[in-house]
Amino acid sequence: MTQLVADLDVLQQAPSSDQAPLTTPESNTGKKRKLYIESYGCQMNFSDSEIVASIMAESGFDTTDKAEKADLIFLNTCAIRENAEQKIRHRLNHLRGMKNRKPNLVIGVLGCMAERLKTKLLEEEKMVDMVVGPDAYRDLPNLIDKVDEGDKAVNVFLSKEETYGEITPVRLNTNGVTAFISIMRGCDNMCSFCVVPYTRGRERSRDAESIIAEAKDLFSKGYREVTLLGQNVDSYKWSSKEGAEVITFAHLLEMVALVDPDLRVRFSTSHPKDITDEVLYTMKRHANICNYIHLPAQSGNSRILKLMNRTYDREWYMGRVRAIQEILGKDCGISTDMIVGFCSETEEEHQESVDLIREVDYDYGYLFAYSERPNTPAAKKLKDDIPEETKQRRLAEIIKVHRESSLRRNLNHVGKVHRVLVEGTSKRSQEQLFGRNDQNAVVIFDKGNLLKGQYVNVLVTSCTGGTLLGEVVN
Ligand code: SAH
Ligand code: SF4
Ligand code: F3S
């Protein structure tokens with residue numbers, strides 16, 4: 001698994017680091033219409049596809065892992081950067097040929113690009129039959145009926161309440177060991193570059209009891225790691241009824257950790273303005289909450305952070321990094337997202353991002369060139385004035401320093417024994433397995449008699465910038 005992702009649309013420790021979209025596996029009764037889903041974008045979108053698969057299974061569809069065999073094709077899309085949308089347009093062009101050969105084929109665009117472009121997508125891409133936003137998935141069966149009756153179907157209403165709380169996701173492409181649990185939807189922050197508040201609507205938290213029930217159910221089925229997902233997990237807030245105790249993210253984290261000491265708990269994303277010491281102390285109290293925090297900085301320069309409306313400055317960010325290191329120790333893994341070439345960013349300001357990477361010494365980085373998104377505050381008020389080649393040069397620069405800091409972090413792990421959760425067979429060799437340590441680093445070791453879902457102690461003997469290699473010890 002590559003640890004440094006340069007301008008991919010697969011964000012934040014996405015299930016697979018290559019750019020291929022995840023697709024539905026086969027479930028075949030031989031009688032029903034077959035659905036094929038391709039998912040793009042962040043973990044939230046992959047998690048949503050599992051809700052879509054559940055709703056579709058309930059209304060009598062099978063799934064297939066091959067687009068060619070499908071009666072319905074859904075693309076669950078991302079709109080975060082221009083190239084994410086470009087990729088979908090190419091894919092739709094390709095599907096056009098399939099639709100010509102099979103006129104009954106239904107093609108649906110779901111997710112953030114559907115929400116952003118709404119009916120425009122029907123006009124632009126004439127072969128699309130359905131456009132469905134992230135809060136409208138319960139309406140899918142109805143929308144399919146509409147298409148069957150010969151109409152085009154659109155539902156892009158954003159909801160203030162929808163959390164799909166009680167829907168049990170159908171796990172797609174699962175390794176049977178690790179799973180995502182959505183704990184909230186939407187985003188109320190207004191980072192000036194970001195399209196998410198417009199594609200996913202207002203922030204809302206999911207019923208804590210349904211989250212715990214989902215974690216328990218996963219554990220009973222053999223899963224050993226859950227990742228709690230939200231755009232800004234630290235603003236999680238839920239109470240069973242008015243006047244009842246409010247459950248914060250720190251509470252929720254503790255409740256999930258108490259499901260079983262053998263269930264590892266991860267979470268993403270932490271916003272630097274909101275992550276509390278209480279969350280850090282909760283992590284410290286529970287060995288099964290992994291020592292790893294995704295804390296996107298976006299920039300190392302305070303003027304740019306202000307223009308980005310991140311509502312913290314460099315000093316505040318470094319203060320949070322120091323709190324993590326003091327409470328959880330310097331071993332705690334930290335990763336970031338960075339945008340280079342934001343409106344008016346000077347060379348000196350860019351260098352402050354480079355310096356920040358050296359100063360924090362990140363374990364991983366997800367690095368992007370700024371891509372202006374229509375109708376965002378930055379698109380309305382600021383000029384996208386950094387030439388593309390400057391953005392690409394700056395991107396290459398931060399990729400280089402990130403690689404150095406990842407390698408330094410990995411070298412720290414060499415010579416130490418790590419507790420690793422076995423996730424599956426290594427891509428390099430059938431004779432080797434891979435898993436991750438507490439800090440989220442990938443570890444590769446010989447298979448022996450080990451099975452997926454087991455915990456093993458591995459002595460790390462060497463490393464590359466992206467992976468740790470080791471031997472199983474007792
Ligand atoms: N909620 C998360 C991030 C969600 S989007 C957070 O607040 O950190 C994931 C990442 O995509 C962002 O962290 C940012 O680095 C990047 N991104 C978002 N909009 C972008 C844009 N217009 N151009 C380039 N990168 C962008
Ligand atoms: Fe976008 Fe900012 Fe919300 Fe993250 S916190 S999703 S970057 S608006
Ligand atoms: Fe995720 Fe992309 Fe939407 S990053 S929230 S799928 S715009």
Side-chain angles (χ1 to χ4, degrees), residues 1 10-18 20-29 32 34-67 69-70 72-76 78 110-111 134 137-138 140 163-185 206-207 210-230 256 259-260 262-268 290 421-425 433-436 440 451-454:
M1 175 158 134
V10 181
L11 299 178
Q12 303 156 16
Q13 342 80 272
S16 104
S17 65
D18 43 43
L22 280 193
T23 57
T24 32
E26 186 93 18
S27 88
N28 196 353
T29 57
K32 303 172 186 169
K34 283 195 186 137
L35 166 69
Y36 170 84
I37 313 179
E38 245 171 47
S39 310
Y40 297 79
C42 64
Q43 292 166 334
M44 207 79 199
N45 240 23
F46 291 92
S47 173
D48 278 5
S49 290
E50 301 188 326
I51 288 169
V52 168
S54 172
I55 293 169
M56 295 297 285
E58 278 285 304
S59 60
F61 288 84
D62 275 333
T63 49
T64 172
D65 59 356
K66 299 214 169 37
K69 288 200 210 157
L72 282 93
I73 297 181
F74 288 171
L75 303 186
N76 193 3
C78 175
L110 279 55
Y137 297 146
R138 283 182 208 265
L140 279 167
T163 60
Y164 302 109
E166 81 302 348
I167 293 182
T168 307
V170 168
R171 304 289 162 187
L172 301 174
N173 297 87
T174 175
N175 58 9
V177 180
T178 60
F180 297 126
I181 301 182
S182 288
I183 63 163
M184 52 209 295
R185 300 182 70 80
R206 177 180 167 192
D207 173 346
S210 76
I211 296 170
I212 303 304
E214 191 172 330
K216 285 186 175 159
D217 180 54
L218 285 164
F219 188 79
S220 74
K221 290 178 173 143
Y223 286 82
R224 290 294 174 264
E225 181 182 299
V226 292
T227 304
L228 309 179
L229 293 182
V256 181
V259 166
D260 196 288
D262 272 342
L263 181 69
R264 271 187 170 177
V265 188
R266 298 186 188 274
F267 54 90
S268 187
C290 292
L421 174 62
V422 183
E423 288 183 33
T425 306
L433 296 173
F434 83 96
R436 277 174 298 147
N440 213 30
L451 296 171
K452 278 199 309 194
Q454 282 182 327

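What you see is a predicted model; the values in this text were computed from it and never measured. We use all heavy atoms of the structure for the numbers below, so side chains are in, but hydrogens, waters and symmetry mates are not.
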Nearest non-hydrogen partners of L72 and F61, listed with the distance:
CD1-CE2, 3.3 Å

Side chains of I183 and F267: closer than 4.5 Å at any heavy-atom pair?
no

Could you tell me the separation between the CZ atom of R436 and the CZ atom of R266, rounded to the nearest 0.5 Å?
5.0 Å

Should Y36 and K69 count as side-chain neighbours, where that means a heavy-atom distance under 4.5 Å?
no

Does K452 reach the main-chain N or O of V177 with its side chain, forming a donor-acceptor pair under 3.5 Å?
no

Minimum heavy-atom separation for R185 and M44, please, with both atom names.
CA-CE, 4.3 Å

Could you check whether any side-chain heavy atom of L140 comes within less than 4.5 Å of a side-chain heavy atom of S59, counting everything from C-beta outward?
no

CZ of R224 to CG of L421: how many Å apart, nearest 0.5 Å?
8.5 Å

Closest non-hydrogen atom pair, G111 against N76:
CA-OD1, 3.3 Å

For T168, does its backbone N or O pair with a side-chain atom of S54 as donor and acceptor, under 3.5 Å?
yes

When rounded to the nearest 0.5 Å, the distance separating CG of D48 from OG of S39 is 9.0 Å

Once you round to the nearest 0.5 Å, how far does CD1 of I51 lie from OG1 of T163?
8.5 Å

E214: which residues meet the side-chain contact (heavy atoms from CB on, under 4.5 Å) condition with it, sequence neighbours left out?
P169, R171, I181, R206, L218

Heavy-atom distance under 4.5 Å between the side chains of I212 and V259, does that happen here?
yes

Within 6.0 angstrom of E58 CD, more than 12 heavy atoms from elsewhere
no

Any side-chain to backbone donor/acceptor pair from Y137 onto Y164? Under 3.5 Å, distance only.
no

Does any part of the side chain of F46, heavy atoms only, come nearer than 4.5 Å to the side chain of N173, both counted from C-beta?
no

Side chain to side chain, T64 and D62, heavy atoms closer than 4.5 Å:
no

Pair T63-M56, side chain to side chain contact (heavy atoms under 4.5 Å, CB included): steps then yes or no:
CA-CA 9 Å; T63 49; M56 295 297 285; over 6 Å; no

List the steps, then state whether side chain to side chain contact (heavy atoms under 4.5 Å, CB included) holds for L228 with V265.
CA-CA 8 Å; L228 309 179; V265 188; 4.2 Å; yes

Donor-acceptor check, side chain of R264 to backbone of V226, threshold 3.5 angstrom: yes or no?
no

Shortest non-hydrogen separation from I73 to A70 and the atoms involved:
CG1-CB, 3.9 Å

Could you check whether any side-chain heavy atom of T174 comes within less than 4.5 Å of a side-chain heavy atom of E50, counting everything from C-beta outward?
no

Contact summary for N45 and C78, nearest pair of heavy atoms
ND2-N, 4.2 Å

Where is the tightest heavy-atom contact between V256 and L263, given as atom of each residue plus distance?
O-CD2, 4.3 Å

Less than 4.5 Å apart, side chain to side chain, heavy atoms only: is that true for D262 and F219?
yes

